[in-house]
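Letters A, B, ... are given to chains in the order of the sequence lines, protein chains preceding strands, and every chain is numbered from 1. Keep in mind that the numbers below use all heavy atoms, side chains included, and drop hydrogens, waters and symmetry copies.
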There are 2 protein chains.
Amino acid sequence: MKIDKSVVRRFSLFDKMPDSDLEALLAQATPRRAAAGEAMFEQGAEATHFFLLINGRLKVTQVTADGQQIIVRVVHPGDLFGFARALRRADYPGTALSVIESLALTWPTELWPQFLDRSPYLAVSALNTIGQRLDEAHTRIREMSTQEVERRVAHTVLRLSQQAGRTEDNGVRIDFPITRQDIAEMTGTTLHTVSRILSAWESNGLVEGGRQKLLVRDSVRLQALADSSDS
Amino acid sequence: MKIDKSVVRRFSLFDKMPDSDLEALLAQATPRRAAAGEAMFEQGAEATHFFLLINGRLKVTQVTADGQQIIVRVVHPGDLFGFARALRRADYPGTALSVIESLALTWPTELWPQFLDRSPYLAVSALNTIGQRLDEAHTRIREMSTQEVERRVAHTVLRLSQQAGRTEDNGVRIDFPITRQDIAEMTGTTLHTVSRILSAWESNGLVEGGRQKLLVRDSVRLQALADSSDS
DNA sequence: TGAGCCTGTTGCGCTAGGTCAAAATGCGGT
DNA sequence: ACCGCATTTTGACCTAGCGCAACAGGCTCA
């Protein structure tokens with residue numbers, strides 16, 4: 001199967017790359033499809049490829065020694081992921097699970113240096129991405145250290161609505177199926193607490209819930225809640 | 001002032017670098033000394049240099065909008081730090097505060113690419129370092145999400161004793177001044193709770209405390225406490 | 001169309017650990 | 001040797017949020 005360059009051109013990663021380079025890059029890639037619930041790669045497996053998500057949605061999870069799971073990150077179309085090897089890791093540190101039917105391009109890890117050389121913009125973008133990952137991680141640590149659960153959930157929901165929001169009549173819809181459990185694993189709490197918080201928000205008109213659904217109705221008030229200490 | 005290559009040779013970063021390259025690298029560096037309590041760079045300042053700690057000890061802190069502080073990382077001799085710019089950040093994301101009198105080498109950020117090119121080992125090490133940072137951050141997130149405070153403190157103390165431990169007659173001493181407050185900011189809790197925990201450990205013979213001091217007497221039992229759920 | 005399952009809701013009790021307050025212990029400077 | 005400050009300890013109290021449990025509403029698959 002062949003991926004046309006028009007499909008990936010919209011991603012900022014390839015913003016300023018000449019057509020010829022982009023085509024060469026795509027020629028080296030192998031597409032990889034994963035149905036909902038299927039993994040692109042598993043935690044601990046040898047890192048043989050790195051990936052670019054074309055469409056769909058993934059969650060990267062880690063499981064602790066005692067079986068607890070956390071969601072490290074949500075992967076959106078246009079994101080590079082699974083480039084562990086680039087940071088000199090032999091195996092994938094997490095599992096990339098597709099939440100909905102997803103399509104990614106894959107390249108063998110050996111091609112990473114070549115991938116970066118293909119264009120100075122690409123190299124910059126890739127480093128940028130890594131820097132952002134670090135930032136996000138530290139932000140999360142800061143939030144978990146200093147904020148109570150409700151504010152953390154607010155931040156997380158807002159982030160999701162920005163990264164994966166589709167505007168609707170009465171608000172911004174999170175554009176992929178997400179459970180209370182998922183949100184709990186992203187904020188370091190339990191699904192019970194998340195459920196309670198969302199219920200409270202719903203009766204205040206902040207959001208609108210549903211089975212694996214979430215609609216942010218009033219992002220301004222939600223933002224206010226996320227920023228200041230008391231409601 | 002001139003730094004001799006023998007001083008830095010012991011750092012694994014320069015393990016396999018030829019003398020000539022190492023000398024050239026040092027020739028481009030400017031030493032920077034900071035007294036205890038002084039900052040090498042401040043959060044938000046333009047990232048003009050990257051650093052290598054020669055000796056001393058630093059803590060990298062971040063302050064939240066509402067004035068709360070957390071400790072992102074402790075920097076040990078031989079560690080690269082402040083290479084924000086390499087990840088395409090314009091400013092330093094945190095403040096690097098020296099805990100004791102410290103000496104670092106600094107290079108202008110423009111030299112980063114050149115720095116990496118100097119030796120393939122160096123490039124690998126640097127990427128390695130970034131990968132480790134990400135790992136550490138995720139480990140911390142995982143711990144904060146799933147473990148109770150006592151286990152987190154145990155992990156943190158053990159990590160410190162491994163990274164900055166000096167073996168003494170009756171245990172391993174954390175080889176720089178560290179307060180209960182510091183440990184609290186590393187684990188996401190309060191100094192009160194840390195104090196209580198350490199007191200309890202002290203009466204069980206696990207550690208020996210003191211003003212800005214900490215000695216791990218029984219790392220085996222401490223490790224056991226860190227690994228399993230109940231005492 | 002119904003059975004079963006997955007996801008979400010809600011009540012209740014409990015406790016880890018935060019907050020507030022006060023006292024004790026060093027430690028450095030004069 | 002003494003004063004003042006920073007750090008630590010400890011107690012008492014209180015609450016956010018976790019664990020447990022029961023139930024309800026959809027969705028899926030036969």
Strictly below 4.0 Å: does R180(A) bring a side-chain N or O up to OP1 or OP2 of dG8(C)? yes
Exam field: side chain R140(A) to backbone V72(A), donor-acceptor pair closer than 3.5 Å: yes
Establish, with yes or no, whether the OP1 or OP2 oxygen of dT10(C) is under 4.0 angstrom from a side-chain nitrogen or oxygen of S199(A). yes
Looking at OG1 of T156(B) and CZ of R159(B), how far apart are the two atoms once the value is rounded to the nearest 0.5 Å? 5.0 Å
Between P on dG17(D) and CD on Q147(A), what's the gap in Å once rounded to a whole number? 11 Å
From CD of E150(B) over to P of dG17(C), roughly how many Å is that when rounded to an integer? 8 Å
Base, sugar-phosphate alone, or nothing: which one does S195(A) contact when heavy atoms must sit under 4.0 Å apart? base
Phosphate OP1/OP2 of dA6(D): any T179(B) side-chain N/O under 4.0 Å: no
I'd like to know whether S125(A) forms a side chain to side chain donor-acceptor pair (under 3.5 Å) with N128(A), so could you lay out the CA-CA distance, the side-chain angles of the two residues, the decisive distance to 0.1 Å, and finally the verdict. CA-CA 5 Å; S125(A) 295; N128(A) 226 326; 5.7 Å; no
Show the distances under 3.5 angstrom between N or O atoms of the protein and N or O atoms of nucleotides 19-25 of chain C.
residue : atom : partner : partner atom : Å
dT19(C) : O4   : R196(B) : NH2          : 3.0

Could you tell me how far apart L191(B) (CG) and dA6(D) (C1') are, to the nearest whole angstrom? 12 Å
When rounded to whole Å, the CD to C1' distance for the pair E202(A) and dT9(C) reads 11 Å
Among residues at least two apart in sequence or on other chains, which ones pass side-chain hydrogen bond (donor to acceptor under 3.5 Å, both in side chains) with D135(A)? R89(B)
Here the pair of heavy atoms bringing L206(A) nearest to L222(A) is CD2-N, 4.0 Å
Rounded to the Å, how far apart are E185(B) CD and dT7(D) C1'? 14 Å
May I have the distance from M144(B) (atom CE) to dG18(C) (atom P), rounded to whole angstrom? 12 Å
Rounded distance (Å) that lies between atom P of dA16(D) and atom CZ of R152(A): 14 Å
What class does the angle between the rings of F41(B) and F51(B) fall in, given that below 30° is parallel, 30 to 60° is tilted and above 60° is perpendicular? tilted
Grab the NZ-P distance between K213(A) and dC6(C) for me, whole Å please. 18 Å
Give the intermediate values and the outcome of side chain to side chain donor-acceptor pair (under 3.5 Å) for residues E136(A) and Q132(A). CA-CA 6 Å; E136(A) 284 163 17; Q132(A) 273 173 18; over 6 Å; no
